[in-house]
Amino acid sequence: MKESSAADASAIRLQKYLAHAGIASRRAAEELIVRGKVRVNGRVVREMGTSVALGDRVDVSGAPVVLHLETTYLVLHKPAGVMTTMRDPQGRRTVADLIPKGLPRIVPVGRLDFDTSGVLLLTNDGELANRLTHPRYGVDKTYRALLKGRLLPAEIERLRSGVHLEEFRAAGAQLRVVAVRRETSVVDITVHEGKNRQVRRMFEAVGHSVQALVRLRFGPIRLGDLPPGATRPPSERELAALRALA
Ligand code: URA
């Protein structure tokens, strides 16, 4: 989906330009400017109020910064067995293989494990992507997990109050039990953090391995009945909700 963006204005502040290009959050961009890492048309700029126009050349640490004039957003149902990267040195299938041809270069917002399927947002709106993945914004993500074994009420309570993982304590999650059988359980879990393999590790912490994991929702974007491997543009309503979140 294409939209004209805030960067279409003839001149914008330098820190906003950098954030919009996905270089860093606005605050981190300000630090880059203060530290003298940013040049406009070859000249180091340290003044925060500086405006840049679209013809200006901007470099950070010597590398040119490309600002997209149009923002593109796409929702993908990432299948299991696909890398959430644009290239894989080992030659495995990546999400780039599933993006329709002819779109501007877009990248995933956050990451799903190789074995996880479900809803994945891709965009070239670097500022929105930075914010949606920043812990401060804590976007809710809901996953449906197929677990080995019967999930017991005491284990559900532990997950609801937060479990200790190796390097941090995961905040309490929302849980909705879909089905509990003798050998497997199905449960929907909503978390707002995004540590590596967090959901799998949370269930392992209470004694259950995850046999399959599907992300049903990323903030306001729901997987719905989008088939595995298929894409769709987000609706206007979803986009507005994403922007309001960030
Ligand atoms: N948590 C996980 O464990 N895996 C994912 O892919 C996403 C969240």
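Order of appearance sets the numbers: ligands from 1, and atoms from 1 within every ligand.
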Checklist outcome for this item: Taken to the nearest 0.5 Å, the spacing of Ile33 CD1 from Leu14 CG works out to 4.0 Å
Checklist entry - Does any donor atom in the side chain of Asn130 or Arg26 lie under 3.5 Å from an acceptor atom in the other side chain? => result no
Checklist entry - Looking only at protein heavy atoms, which one is nearest to atom 1 (N) of ligand 1, and how far off is it? => result Val199 N, 3.2 Å
Checklist entry - Of all the non-hydrogen atoms in the protein, which one sits nearest to atom 4 (N) of ligand 1, and at what distance? => result Asp113 OD2, 2.7 Å
Checklist entry - Does the distance from a Lys or Arg side-chain N to an Asp or Glu carboxylate O, for Glu157 and Arg160, drop under 4.0 Å? => result yes
Next on the checklist: Please classify the Gln198 to ligand 1 contact at 4.0 Å (heavy-atom distances, strictly less than): side chain, backbone, both or neither.
Outcome noted: backbone
Next on the checklist: As an exercise, identify every atom of ligand 1 less than 4.0 angstrom from a heavy atom of Thr116.
Outcome noted: 4 (N), 5 (C), 6 (O)
Checklist entry - Checking side chain to side chain contact (heavy atoms under 4.5 Å, CB included) for the pair Ile99/Leu76: CA distance, chi angles, key distance, verdict? => result CA-CA 8 Å; Ile99 296 175; Leu76 166 70; 5.7 Å; no
Next on the checklist: So for atom CD, which belongs to Glu166, do other residues, nucleotides or ligands contribute more than 12 heavy atoms lying within a distance under 6.0 Å?
Outcome noted: no
Item to check | ligand 1-proximal atoms of Val191, by part, heavy-atom distance under 4.0 Å | outcome: neither
Checklist entry - Has ligand 1 got any nitrogen or oxygen that is less than 3.5 angstrom from a nitrogen or oxygen of Arg200? => result yes
Item to check | Carboxylate-amine/guanidinium proximity below 4.0 Å for Arg93 and Asp97 | outcome: no
Checklist outcome for this item: A student checking ligand 1 against Leu112 at a 4.0 Å heavy-atom cut-off should list atoms 6 (O)
Item to check | Tyr143 neighbourhood, listing ligand 1 atoms whose heavy-atom distance to it stays under 4.0 Å | outcome: 7 (C), 8 (C)
